[in-house]
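Index from 1, following the sequence.
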Amino acid sequence: MLHGKVREAVRLIAERITRGVLRTEDIVEGTCKTLLEILLEKHPSTTKPDPSAFAYCVSLPSLIDVDITALNVENLAHNIKGGAGPSGTDSIRWQSCVLHYGAHINRLREAIAALTRSMENTAFEWDNIKALTANQLIALDKCPGVHPIGIGECLHRIIGRAKENRLQTWYADDTACIGNSKEVRSWYDQLAEQGSAYGYFPEPEISCLIVTTESEDEARLVFGDLGVQIANGYCFLGGIIGVCIRRLQCG
């Protein structure tokens with residue numbers, strides 16, 4: 001309860017939990033085999049992929065520059081959950097490291113942001129990140145049966161959430177992007193630069209930037225040269241984003 005794990009606490013009190021995690025030498029219920037033998041049967045043998053399974057590309061699309069900041073890392077760290085991966089550091093300890101150590105945590109946040117930017121904006125060598133993507137294999141007793149689960153590193157989850165900070169959607173020729181003002185402007189500039197190759201030409205004069213009242217000044221500074229309409233709410237694909245001030249016009 002002190003860690004905020006209410007559901008787990010209720011399950012424990014109600015005695016509805018299973019027998020938990022099995023050890024490799026445990027005999028699995030309903031069989032005469034150890035857990036290790038069961039897991040080896042479940043894991044397929046390694047094979048070399050057939051070259052025909054890979055798509056052939058004459059040229060690759062340009063990487064879209066992603067800007068992740070220490071503030072992004074701080075914001076998402078509040079909601080990270082999950083157990084520990086191979087390093088033994090779970091979400092509670094990562095939250096403590098990223099949020100609760102005063103000025104010193106800024107360097108850690110900057111380091112995580114820099115790693116995320118490097119992974120997103122460059123061609124990263126697998127040897128440099130394979131430890132980060134490793135998972136801890138555990139097996140839950142299903143009574144009967146075994147449920148293998150791979151638990152990844154919390155740092156990998158933080159990086160993944162940070163990369164999702166800017167989201168883009170498409171419906172026919174309507175598109176939208178979510179992020180802070182600078183991220184959305186970067187996305188717009190790249191869309192304007194690369195869209196013409198696909199017959200898409202953004203029209204800023206009929207576009208709308210939806211922001212909170214507190215962010216309006218920054219938005220006008222970043223988008224002032226485009227003539228984009230800036231509002232606190234607007235219709236999009238028949239729905240409303242932001243403050244519901246245009247309900248009648250959405251139809």
Side-chain angles (χ1 to χ4, degrees), residues 60-81 95 98-99 103 105-122 156-251:
L60 296 176
S62 302
L63 285 174
I64 298 178
D65 185 69
V66 175
D67 184 22
I68 305 298
T69 66
L71 180 60
N72 298 137
V73 175
E74 178 186 2
N75 291 337
L76 64 88
H78 290 279
N79 300 318
I80 187 174
K81 298 179 182 179
Q95 283 181 327
V98 175
L99 300 174
I105 60 177
N106 289 330
R107 287 184 294 174
L108 176 59
R109 294 173 186 167
E110 289 288 354
I112 296 174
L115 175 59
T116 306
R117 290 193 301 269
S118 182
M119 292 177 64
E120 279 295 284
N121 300 327
T122 62
H156 197 201
R157 274 172 260 160
I158 293 174
I159 292 173
R161 293 283 298 277
K163 293 188 290 186
E164 296 171 0
N165 187 63
R166 187 183 71 181
L167 303 178
Q168 177 184 0
T169 62
W170 279 92
Y171 183 79
D173 60 348
D174 289 322
T175 185
C177 179
I178 303 174
N180 61 46
S181 295
K182 292 182 179 179
E183 290 172 340
V184 175
R185 178 58 194 261
S186 174
W187 164 81
Y188 180 88
D189 290 341
Q190 293 175 47
L191 183 64
E193 178 184 351
Q194 301 177 21
S196 58
Y198 302 92
Y200 186 83
F201 301 92
E203 299 177 279
E205 62 277 3
I206 62 172
S207 301
C208 182
L209 182 66
I210 305 169
V211 299
T212 61
T213 304
E214 296 79 8
S215 303
E216 280 191 36
D217 291 340
E218 179 187 2
R220 296 186 188 283
L221 180 64
V222 175
F223 283 85
D225 61 318
L226 291 179
V228 174
Q229 180 181 351
I230 298 177
N232 300 131
Y234 203 76
C235 296
F236 183 65
L237 299 180
I240 301 174
I241 300 177
V243 179
C244 300
I245 59 176
R246 297 174 177 266
R247 186 179 299 274
L248 295 178
Q249 288 88 336
C250 287

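Side-chain atoms of S118 never come within 3.5 Å of backbone atoms of A114 as a donor-acceptor pair (strictly under, hydrogens ignored).
The two residues V211 and N232 make their nearest non-hydrogen contact at O-ND2, 2.9 Å. Nearest approach of A219 to S181, heavy atoms of both residues: CA-OG, 3.7 Å. Closest non-hydrogen pair, V98 versus I105, comes out as O-CD1, 3.2 Å. Contact between A70 and A113 at its shortest, heavy atoms only, is N-CB, 3.9 Å.
Considering CZ of F223 and NZ of K182, their distance stands at 12.0 Å, rounded to 0.5 Å. We find the CD1-CZ distance between I112 and R117 to be 11.5 Å, quoted to the nearest 0.5 Å.
Contact of the L209 side chain with the E216 side chain is not registered, since no non-hydrogen atoms from C-beta on lie closer than 4.5 Å. Between V228 and R185 the shortest side-chain heavy-atom distance does not fall below 4.5 Å.
Summarising the local packing, CG of D217 is surrounded by 12 or fewer heavy atoms from other residues, nucleotides or ligands at distances under 6.0 Å.
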